[in-house]
Student: 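Below are the C-alpha cells for one structure; questions will follow.
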Amino acid sequence: MYWTRTLIPTTRETPAEAEIPSHQLMIRAGLIRQVSAGVYDWLPLGWRSMQKICAIIRQEMNAIGAEEIHMPALLPAQLWKRTRRYFDYGPLLFRLADRKEAEMILGPTHEECVTELVQAYVRSHKQLPLTLYQIQSKFRDEARPRNGLLRVREFFMKDAYSFHTSLESLHETYQAMYGAYVRIFQRCGVPAIPVEAQSGPIGGDASHEFICPCDSGEDVIVRSEDGSYAANLEQAGRADGGGRTLADAPAAPPGELHKIHTPGATSIEPVCRLLHVQPRQMIKTLVFTVNAGESRQWIVACVRGDHEVNEAKLRKVVGNMEMAEDRTAREAGFVIGFVGPHVVNRVQARLVIDPDALMVPVAVTGANEADWHVTNFNWKNNLLAARCGDAVVADIRNVTPEDRAPNGAKLTFHKGIELGHVFKLGTKYSDALGATYLDEKQQSRSMIMGCYGIGPGRIMVAALETRSDSDGIRWPMGIAPFHVVITPIKYEGRSKDIADRLHIELQERGVDVLVDDRDQRPGVKFKDADLIGIPLRIVIGEKSLSGGQVELKRREEKQAILVALENLADTVTNLIRTNV
RNA sequence: CGGGGCGUAGCUCAGCUUGGCUAGAGCGCUUGGUUCGGGACCAAGAGGUCGCAGGUUCAAAUCCUGUCGCCCCGACCA
C-alpha cells in the first residue's frame with residue numbers, strides 16, 4: 001500500500017479528550033475516530049490491526065475445534081424475556097422498538113441466541129459436545145463510556161459457547177479454551193495473567209479472567225508474591241476468612257454504650273477525625289435489600305471501618321441483593337449515615353458480620369440516630385445477647401494488602417485490563433430455553449454450557465498501553481497494521497524504482513508493506529513512521545544506495561543496520577518470522 | 001444518577017470577568033518560490049451557523065433561561 005493512496009491522518013497534537021496513552025496514540029496515529037461517546041470509526045491502520053487480531057483468534061479457535069458462526073446483533077426482546085435477562089440486565093441493555101412497536105434489543109452478549117439455535121437442531125448426545133463462536137459487534141449502554149476503547153458502547157467481541165453432556169466434557173473444553181487464550185495473547189504480544197474470577201453457579205475453578213497488568217486498567221487483581229495465587233479483587237479470598245462464629249466475639253469489657261454527638265459525620269473518615277479514633281476501631285454498617293417479588297428483606301452488613309464490603313461475597317451469603325435505595329431505607333427506619341449493627345433490634349433485618357468486624361472488642365459505630373454515634377460498642381453486650389439467632393459471620397469484605405493469600409503467601413495488588421474471560425455456565429440458559437438432549441437411556445437432560453469471551457479492541461489497547469514509547473506506538477509484529485514501512489528519502493528516480501520494486505518483492509513473500517511515497521521532508525516521514533509504530537523501517541537514501549545498500553531499522557532499536565539490496569527480502573522475512 | 005469542567009476554523013486554544021465596529025493565534029490545508037537524512041522558511045490564500053433555541057439590549061461569542069453534545073471524578077456495570 002502507498003501512503004498517498006490510503007488514509008492515515010496523523011496529528012502532532014494530542015486531542016483534549018484523550019487521557020490515557022493508548023487513547024491518545026490511537027487518535028494521533030489515525031487508528032480510530034470518535035463518532036459519539038463510546039462509539040468509534042476504525043480507520044485503515046486500526047482496522048488492519050483489528051483484522052490481524054481477529055485472524056489470530058480465529059486460528060486458535062478453529063485449532064481447538066470451535067466452529068465460527070454469525071448471529072444478529074438485533075434481537076427480539078422476547079428471547080431475552082424467557083431468561084429474564086431482559087429485566088435483570090438493567091439499563092446496560094440497549095432497547096428499541098421496530099415500526100410495529102415490537103420490542104427489540106441490541107445484543108450485549110449472545111447466550112440466549114446461541115442456546116436457542118442449538119436447542120433447535122441438537123437433540124442427541126451423539127451431537128455433543130459442540131463449540132460455536134462468533135466475532136461480532138456488541139452493544140452496551142454504558143453509563144459512562146471512557147478511556148477510548150477501554151469502555152465503549154459498541155465493540156467487537158469474540159464470544160464462544162460450548163455445549164456438553166457432562167461436567168467432564170465441559171472441563172475438557174474449558175481447558176482447551178484456556179490454552180487457546182494463552183496462545184492468543186502470546187501471539188498478539190500482550191501480557192495476560194489468568195486470574196480466578198467469580199465462579200457463578202458451578203463453583204470451584206469455574207471461571208478465569210485474563211488480565212493485562214497496566215496502570216490504565218479498571219480492574220484490580222490480587223496476586224500472591226510467590227505467583228501461585230491470582231484472583232480478581234471481587235473473588236480474592238484470604239487465609240483466615242472463614243471458620244469464625246458468633247461465639248468467637250470478644251468478651252464484654254466493662255463500660256456502657258456511650259452516645260456521642262457527631263453532626264454531619266456520615267462516613268468513617270470524618271467520625272475518626274472528630275472522635276480521634278482509627279478506622280480499624282470502627283464498625284461500618286451498610287444496608288442492602290433482597291427483593292424477591294413483592295416481599296423485601298433487609299440485609300445489614302458489618303465490616304471493620306478500614307475494610308470494604310465485597311458485594312459478590314455478600315451475595316453468596318444472602319442471595320441476590322443490592323445496595324438499599326436511600327429513600328426506602330430511611331422510610332424503613334435506617335438512619336443512613338448513622339446506622340449501627342444494633343439497628344436490628346429495631347428493624348427486622350438479617351445481620352451479616354465480617355470476622356474482622358466481630359473481633360473488634362470495643363468499637364465506635366453509628367447510633368441509629370441522626371448526627372449521633374456510639375462508643376464502647378461490644379457485640380456480646382449490645383447485640384448478641386438479645387438476637388444471636390439471625391446473625392451470621394462470614395467473609396464479606398475485599399482483601400487488603402495486610403491479608404495473606406489462602407496459601408499463606410503475601411499479597412500484591414495490580415490494576416489491569418480484562419482482555420478475556422472463560423466461564424463455566426452450567427444449565428442456566430439451557431434450562432430456560434429448553435436446550436435438552438436425549439442421553440443413551442432416552443432420558444432428556446439439559447445441556448451443560450460454557451462461555452468464553454475476548455475483546456479484540458482491548459487487546460489493541462493493552463498492546464499500546466504496555467509497549468509504546470514517547471515517540472509513539474510499537475506494534476507487536478503479530479498485530480501490526482504493516483510489517484514494514486519503506487521510507488524513501490526522496491520518492492523519485494532510483495530511490496522510487498527501488499521502493500516500488502521492494503514493495504512488490506516483499507508483498508509476494510506475504511509481507512505487509514507500506515511505502516511512504518509522500519512528497520514530504522524526511523523528518524516528517526520519520527516522525528510519522530515512529531508514531532504509527534510499524535515494526536520494521538527501510539530507509540532508501542543516496543548515502544547507502546551508492547554502496548548498493550539500504551537501512552533497516554527495528555522500531556524498538558535506536559540504530560539501523562545496512563543491508564545489501566539482494567539480501568533485504570530474506571532479512572526482512574526472517575525478522576518477521578522470529579518476532580512476535 | 002450525583003459532583004466538576006468544556007463546546008469559538010480540520011486540530012490545539014485565546015477572546016467572555018467589564019457586551020461595541022471587520023472574531024484571532026499556532027498547527028494543518030491550497031498556490032508560488034527557496035529548501036530537503038528527524039515534524040523547514042518566505043509570500044499569497046482558502047477556511048467560522050462562536051453547539052442549538054429562546055430571552056435581555058440600540059448592540060450578544062460575551063449577560064440570562066432552556067436544551068443538546070463531549071470530557072473527568074464517583075455511583076452503577078463485566
Side-chain angles (χ1 to χ4, degrees), chain A residues 7 9-20 23-24 27-28 30 33-40 85 88-94 108-109 111 138-148 150-153 155 157 159 195 197-200 207-211 216-221 232-235 267 286 308 311-312 322-327 416-423 451-455 458 470-472 487-492 495 516 518-532 537-545 550-551 553 558 560:
Chain A
L7 180 66
T10 59
T11 66
R12 196 185 307 212
E13 290 184 280
T14 303
E17 73 266 18
E19 297 238 322
I20 65 171
H23 190 196
Q24 295 175 349
I27 296 175
R28 283 194 56 212
R33 176 179 156 86
Q34 179 167 325
V35 174
S36 82
V39 180
Y40 290 85
R85 280 215 295 178
D88 297 342
Y89 216 82
L92 217 53
L93 187 61
F94 267 109
T109 168
E111 283 85 356
K138 305 292 185 198
F139 297 85
R140 292 186 190 171
D141 193 0
E142 291 286 348
R144 188 154 89 76
R146 64 186 115 181
N147 287 335
L150 208 47
R151 179 150 302 240
V152 283
R153 297 195 292 175
F155 58 100
M157 185 192 259
D159 45 327
V195 305
Q198 242 197 298
S199 50
S207 171
H208 289 86
E209 288 172 354
F210 288 80
I211 305 282
S216 304
E218 299 178 336
D219 294 75
V220 176
I221 60 169
N232 69 14
L233 183 59
E234 211 172 46
Q235 168 74 12
S267 56
L286 292 111
E308 289 173 357
E311 295 194 21
E322 57 193 26
M323 190 70 122
E325 194 188 318
D326 199 275
R327 192 176 48 83
I417 300 172
E418 181 185 344
L419 302 178
H421 196 165
V422 291
F423 197 92
C451 69
Y452 320 89
I454 289 183
R458 284 187 167 183
S470 57
D471 290 324
T487 307
I489 294 297
K490 279 186 188 169
Y491 185 63
E492 59 186 37
S495 294
D516 192 347
R518 293 177 297 172
D519 181 19
Q520 281 287 0
R521 297 167 63 80
V524 173
K525 296 189 186 185
F526 292 149
K527 286 287 183 189
D528 271 346
D530 286 345
L531 176 59
I532 68 171
R537 188 181 79 193
I538 296 169
V539 176
I540 303 174
E542 288 306 326
K543 276 188 200 167
S544 49
L545 214 49
V550 294
E551 294 167 35
K553 180 179 166 299
K558 275 213 136 36

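Numbered from 1 within each chain, the chains take letters A, B, ... in sequence-line order. It should be emphasised that the depicted structure is a prediction, and the values quoted were computed from it without experimental measurement.
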Student: Suppose you measure atom P in B/G20 against the same atom in B/C63; what distance do you get, rounded to whole Å?
Tutor: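 The answer is 11 Å between these two P atoms.
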Student: I need the CZ-P distance between A/Arg33 and B/C11, as an integer number of Å.
Tutor: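 It works out to 7 Å between those atoms.
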Student: B/A61 pairs with which nucleotide, Watson-Crick or G-U wobble, both distances below 3.5 Å?
Tutor: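 Checking every strand shown, B/A61 finds no partner, since no pair has both distances under 3.5 Å.
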Student: Keeping the roles fixed (side chain from A/Gln24, backbone from A/Glu19), state whether a donor-acceptor pair exists under 3.5 Å.
Tutor: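 Yes: the side chain of A/Gln24 pairs with the backbone of A/Glu19.
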Student: Please report the distance separating the C1' of B/A40 from the corresponding atom of B/G28, rounded so that it comes out in whole Å.
Tutor: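 It comes out at 15 Å once rounded to the nearest Å.
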Student: Roughly how far, to the nearest 0.5 Å, is CG of A/Leu419 from CG of A/Asp219?
Tutor: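 A/Asp219 atom CG to A/Leu419 atom CG measures 9.5 Å (nearest 0.5 Å).
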Student: Using the P atom on both, measure B/G66 against B/G4 and round to a whole Å.
Tutor: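 Between the two P atoms, the distance is 15 Å.
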Student: Which letter, B, S or -, goes with each nucleotide of nucleotides 30-38 of chain B from 5' to 3', with contact meaning a protein heavy atom under 4.0 Å?
Tutor: -----BSBB
Student: Nearest to the side chain of A/Ser36, which nucleotide is it out of B/G74, B/C70, B/C77?
Tutor: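 Nearest to the side-chain atoms of A/Ser36, counting from C-beta on, is B/C70.
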Student: What integer number of Å spans the C1' atoms of B/C27 and B/G37?
Tutor: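 Rounded to whole Å, the distance is 23 Å.
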Student: Specify the separation, in whole Å, of atom CG of A/Asp219 and atom P of B/C77.
Tutor: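 From A/Asp219 CG to B/C77 P: 14 Å.
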Student: Touch check for A/Thr14, heavy atoms < 4.0 angstrom, all strands: base, sugar-phosphate only, or nothing?
Tutor: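 Counting heavy atoms under 4.0 Å across all strands, the contact made by A/Thr14 is with sugar-phosphate only.
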Student: Say we look at B/C6 and B/A14: how far apart would their C1' atoms be, to the nearest angstrom?
Tutor: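 Result for the C1' pair: 15 Å, nearest Å.
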Student: Rounded to whole Å, please give me the gap between CZ in A/Arg28 and C1' in B/G10.
Tutor: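 About 16 Å, once rounded to whole Å.
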Student: What integer distance in Å separates A/Arg458:CZ from B/C77:P?
Tutor: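 In whole Å, B/C77 P and A/Arg458 CZ are 16 Å from each other.
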Student: Which atoms form the tightest heavy-atom contact between A/Ile489 and A/Gly541, and what is the distance?
Tutor: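 Smallest heavy-atom distance, with atoms named: CG1-CA, 3.8 Å.
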Student: Can you tell me the distance, in whole Å, between the CD atom of A/Glu308 and the C1' atom of B/G74?
Tutor: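 Spelled out: CD on A/Glu308 to C1' on B/G74 is 13 Å.
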Student: Counting only side-chain nitrogens and oxygens, does A/Gln34 get under 4.0 Å of the OP1 or OP2 atom of B/C71?
Tutor: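 Yes, because at least one side-chain N or O of A/Gln34 sits under 4.0 Å from OP1 or OP2 of B/C71.
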Student: A/Glu209 side chain to A/Val195 main-chain N or O, any donor-acceptor pair under 3.5 Å?
Tutor: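 Side chain of A/Glu209 to backbone of A/Val195, a donor-acceptor pair under 3.5 Å: no, none is there.
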Student: In whole angstrom, give me the gap between the P atoms of B/U49 and B/A43.
Tutor: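 Rounded to whole Å, the distance is 28 Å.
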Student: Looking for any heavy atom pair under 4.0 Å, which part of the strands does A/Ala143 touch: base, sugar-phosphate only, or nothing?
Tutor: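 The residue A/Ala143 makes base contact.
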Student: Is any side-chain nitrogen or oxygen of A/Arg12 closer than 4.0 Å to OP1 or OP2 of B/G28?
Tutor: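 True: A/Arg12 side-chain N/O within range (under 4.0 Å) of B/G28 OP1/OP2.
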Student: Go nucleotide by nucleotide along RNA chain B from the 5' end; which of A/His23 and A/Leu92 gets its closest nucleotide reached first?
Tutor: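 Looking at RNA chain B, the more 5' nearest nucleotide goes with A/His23.
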Student: Tell me if a side-chain donor or acceptor on A/Arg537 pairs with a main-chain N or O of A/Lys553 at a distance below 3.5 Å.
Tutor: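 Flag not set: sc A/Arg537 to bb A/Lys553 has no pair under 3.5 Å.
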Student: Quick check: does any side chain N or O of A/Lys490 sit under 3.5 Å from a backbone N or O of A/Ser495, one acting as donor and the other as acceptor?
Tutor: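 No; judged by distance alone, with no hydrogens or angles, the pair does not exist.
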Student: Determine the interatomic distance between C1' on B/U12 and the same-named atom on B/A75; round to the nearest Å.
Tutor: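 Per the computed distance, 33 Å lies between those C1' atoms.
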Student: How close do A/Pro488 and A/Asp516 get, counting heavy atoms only, and between which atoms?
Tutor: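 Taking A/Pro488 first and A/Asp516 second, the nearest heavy atoms are CD-O, 3.3 Å.
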Student: Which nucleotide, in any strand shown, forms a Watson-Crick or G-U wobble pair with B/G26, with both distances under 3.5 Å?
Tutor: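 By the stated definition (distances under 3.5 Å), B/C11 pairs with B/G26.
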Student: Within the structure shown, what part of the strands sits under 4.0 Å from A/Asp141 by heavy-atom distance: base, sugar-phosphate, or nothing?
Tutor: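 Answer is nothing: A/Asp141 stays at 4.0 Å or more from every strand.
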Student: Rounding to an integer number of Å, can you tell me how far A/Glu17 CD sits from B/C13 P?
Tutor: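 My rounded result for the distance is 9 Å.
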Student: My understanding is that a pair needs two contacts under 3.5 Å, Watson-Crick or G-U wobble. By that rule, which nucleotide pairs with B/G32?
Tutor: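 Matched B/G32 with B/C42 under the 3.5 Å cut-off.
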Student: Considering only atom C1', compute the distance from B/C11 to B/U17 and round it to an integer number of Å.
Tutor: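 28 Å, rounded to whole Å.
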Student: Using atom types as modelled and distance alone, determine if a side-chain donor or acceptor of A/Arg458 lies under 3.5 Å from a backbone N or O of A/Leu150.
Tutor: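 Judged by distance alone, yes, a pair lies under 3.5 Å.
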Student: If B/C70 has a Watson-Crick or G-U wobble mate with both distances under 3.5 Å, name it; if not, just say none.
Tutor: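 B/G5 is the nucleotide pairing with B/C70.
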Student: Once you apply the 3.5 Å cut-off to both distances, tell me the Watson-Crick or G-U wobble partner of B/U18, or none.
Tutor: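 In the structure as shown, B/U18 has no Watson-Crick or wobble partner.
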Student: Could you state the atom-to-atom distance from CG of A/Leu93 to C1' of B/C77 in whole Å?
Tutor: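 In whole Å, B/C77 C1' and A/Leu93 CG are 13 Å from each other.
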Student: Looking at every non-hydrogen atom in both residues, tell me the closest pair between A/Thr487 and A/Phe526 and how far apart they are.
Tutor: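 Minimum heavy-atom contact is CG2-CE2, 4.0 Å.
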Student: Grab the CZ-C1' distance between A/Arg151 and B/C73 for me, whole Å please.
Tutor: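 Going from CZ in A/Arg151 over to C1' in B/C73 covers 15 Å.
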Student: Heavy atoms under 4.0 Å, any strand shown: does A/Glu209 hit a base, just sugar-phosphate, or nothing?
Tutor: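 Answer is base: heavy atoms of A/Glu209 come under 4.0 Å of a base.
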Student: Both A/Glu218 and A/Ala37 contact RNA chain B. Which one's nearest nucleotide lies toward the 5' end?
Tutor: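 The residue closer to the strand's 5' end, by nearest nucleotide, is A/Ala37.
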